Amino acid sequence: MTNMPSGSRRYLALFFPYLPAERLVRTAPQPPDAPLVFVEKIRGALRIAHIDAAAQAAGLAVGMPLANARARVPELLTVAHDPIADHAWLDRLALGCNRYTPLVALDAPDGLILDIAGAEHLFGDEAGLVADAEMRLARLGMSVRHAFGPTADAARALARYQTRPAPDEAAAVRRLPVAALELAPEATTALVRAGLKSIGDLAGRPMANIAARFGGDATTALRRILGDAPSPLDPRIALPPIAVERRFAEPLGSTAHATKVLAELAAEAIEELGERGKGGRHFRATFFRSDGLARSIDVETGHPTRDAGLVMRLFAERMDSLTDPLDPGFGFDMIRFAVPRLDPLGATQLKLEGGEVRKSIEDGAMNELVDRMTTRLGRRRVQRLRAEDTHIPEQAQLALPAITAPPPMPWPAPEPGEPPARPFHLFDPPQPIEVIAEVPDGPPHRFRWRRAMHAVRRYEGPERIAAEWWRRRDNAGLTRDYYRVEDAQGRRFWLFRHGLYDEKPDPRWYIHGLFA
């Protein structure tokens, strides 16, 4: 089970200096034979956004105009910068690093930060952990620089601004250039001109003087990198309340075998749920491949459950509906089963006559059907209508995902023997019509809808519905006068005039629904 380690925190920062280029080369049929740069348009001019190792060796740098780069390297290869694809690849790398710790944060656009407190014992020590990470990243073709630190900001700065890991982290932080604070360019230039070229130079000055001369951001960044101020980590995935995992000396090359192991892990997690008196609403299975990549599959249930069979059926539904099937690659060397969301689930007392038993069985079957349909089709495609406490017709019901919809409210029912006050079919939006009335603010006498004229034989109304002024800041909104009308052919409509004559000089008429 998950167990948050106590004591001081330890952080590992991973910096990928050539992430866009290595992401592109990984999927390219053959590596480029010339320096490669990624360009983007800034203020009407093309500038370099990222470079590869060959371009850096040729003297090119980020921010350089493309025209100057081509003049220096005529055979230069250029690709449009794609930050979305880069972020997606960084996210996949972060998921793979979840094998070391569940607390992994994205350091976009080209880095990761891991909270490894208590995790290094699985690999002997910190050196063993980072060696395993570098080995797996190398299989993916990724160049990486790393650094450890007592705070996330310190580890990040050391990974990005020092040339090689140092045994004394505190001294190494003080040797870093002031650029490691990553302040605005003007502030960094001002610090250098004042003779404060390193973090140590700046740390020797009174904080009040630094804030007065260079701004509060400089003191905040300095205190965080020195560990004098909190440096919180925002994990990519929140730490789940329950998680179980299994590692394998020999990777599993079969998805069927991995599914059997997942069922065993699910049974362990369900047992823990029972001990806590809880039920799971969200379950996540993560399959870690030996090449460093990972794949997560999530399922949800509409009600808390401790039924391992139901959970595994949902995972089977989800795996069958994947457009990109689960691929073991060179094998899975670790599988983790987590329960991110728990809800109370106590024992149920059933009546002796069996009425509650039948109701419980029926409700359980319906809930399982909703869960399976949502898992296969998607949570937004299986919806449940919920009544709302409002007199605005089109807002009287909401379509919510059935798996997360709150408990239903009672639907308003007509009086016995009375016709329904609302039609069975509403137009969204209401359709405009042309109305002839005997008096301006009177009921409709005739109306034209869809090029057909309808003579009103009977009507009932008006039912006046004012705007919900308490929900509108400007207290605006027109009043509606609704009429239930029947034409000469016996067809029944629901019409309304949008606005009173003292609110609007020429109110428009609309048809909002049809009665059966």
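Here the structure is a predicted model, which is why all the values come from computation and not from measurement.
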Should the pair [X]-[Y] be classified as a salt bridge under the 4.0 Å nitrogen-to-oxygen rule?
X	Y	value
Asp327	Arg289	yes
Asp82	Arg23	no
Arg246	Glu264	yes
Asp110	Arg160	yes

Shortest non-hydrogen separation from [X] to [Y] and the atoms involved:
X	Y	answer
Gly227	Thr151	CA-CG2, 3.7 Å
Ile225	Leu181	CG2-CD2, 4.1 Å
Leu273	Gly279	CD2-C, 4.2 Å
Thr255	Pro328	OG1-CD, 3.7 Å
Ala399	Gln383	CB-OE1, 3.5 Å
Leu14	Cys97	CD1-SG, 4.1 Å

Can you find a heavy atom in the side chain of [X] that is under 4.5 Å from one in the side chain of [Y]?
X	Y	value
Asp307	Thr301	no
Leu314	Phe283	no
Leu233	Arg9	no
Arg224	Pro232	yes
Leu19	Met142	yes
Val173	Leu158	yes
Leu112	Leu114	yes
Leu76	Leu60	yes

For [X], look at atom [atom1] and say whether over 12 heavy atoms of other residues, nucleotides or ligands are found less than 6.0 Å away.
X	atom1	result
Asp217	CG	no
Glu275	CD	yes
Glu394	CD	yes
Arg223	CZ	no
Ile84	CD1	no
Phe330	CZ	no
His303	NE2	no

Taking it one step at a time, do Ser143 and Glu22 satisfy side-chain hydrogen bond (donor to acceptor under 3.5 Å, both in side chains)?
CA-CA 8 Å; Ser143 302; Glu22 290 170 343; 2.5 Å; yes
Tyr161: which of Arg145, Glu182, Arg175 passes side-chain hydrogen bond (donor to acceptor under 3.5 Å, both in side chains)
Glu182
Applying side chain to side chain contact (heavy atoms under 4.5 Å, CB included) to Phe337 and Phe315, what does each step give before you reach the verdict?
CA-CA 11 Å; Phe337 184 90; Phe315 272 111; 3.5 Å; yes
Regarding Ser290 and Arg139, is there a side-chain donor-to-acceptor distance under 3.5 Å anywhere?
no
Are Phe123 and Tyr100 close enough that their ring centres sit under 6.0 Å apart?
yes
Mind telling me whether Phe332 and Phe287 have parallel, tilted or perpendicular rings, with 30° and 60° as the class edges?
tilted
Pairwise distance [atom1]([X]) to [atom2]([Y]) - rounded to 0.5 angstrom:
X	Y	atom1	atom2	answer
Glu75	Leu77	CD	CG	8.5 Å
Thr374	Glu300	OG1	CD	8.5 Å
Leu46	Thr78	CG	OG1	8.5 Å

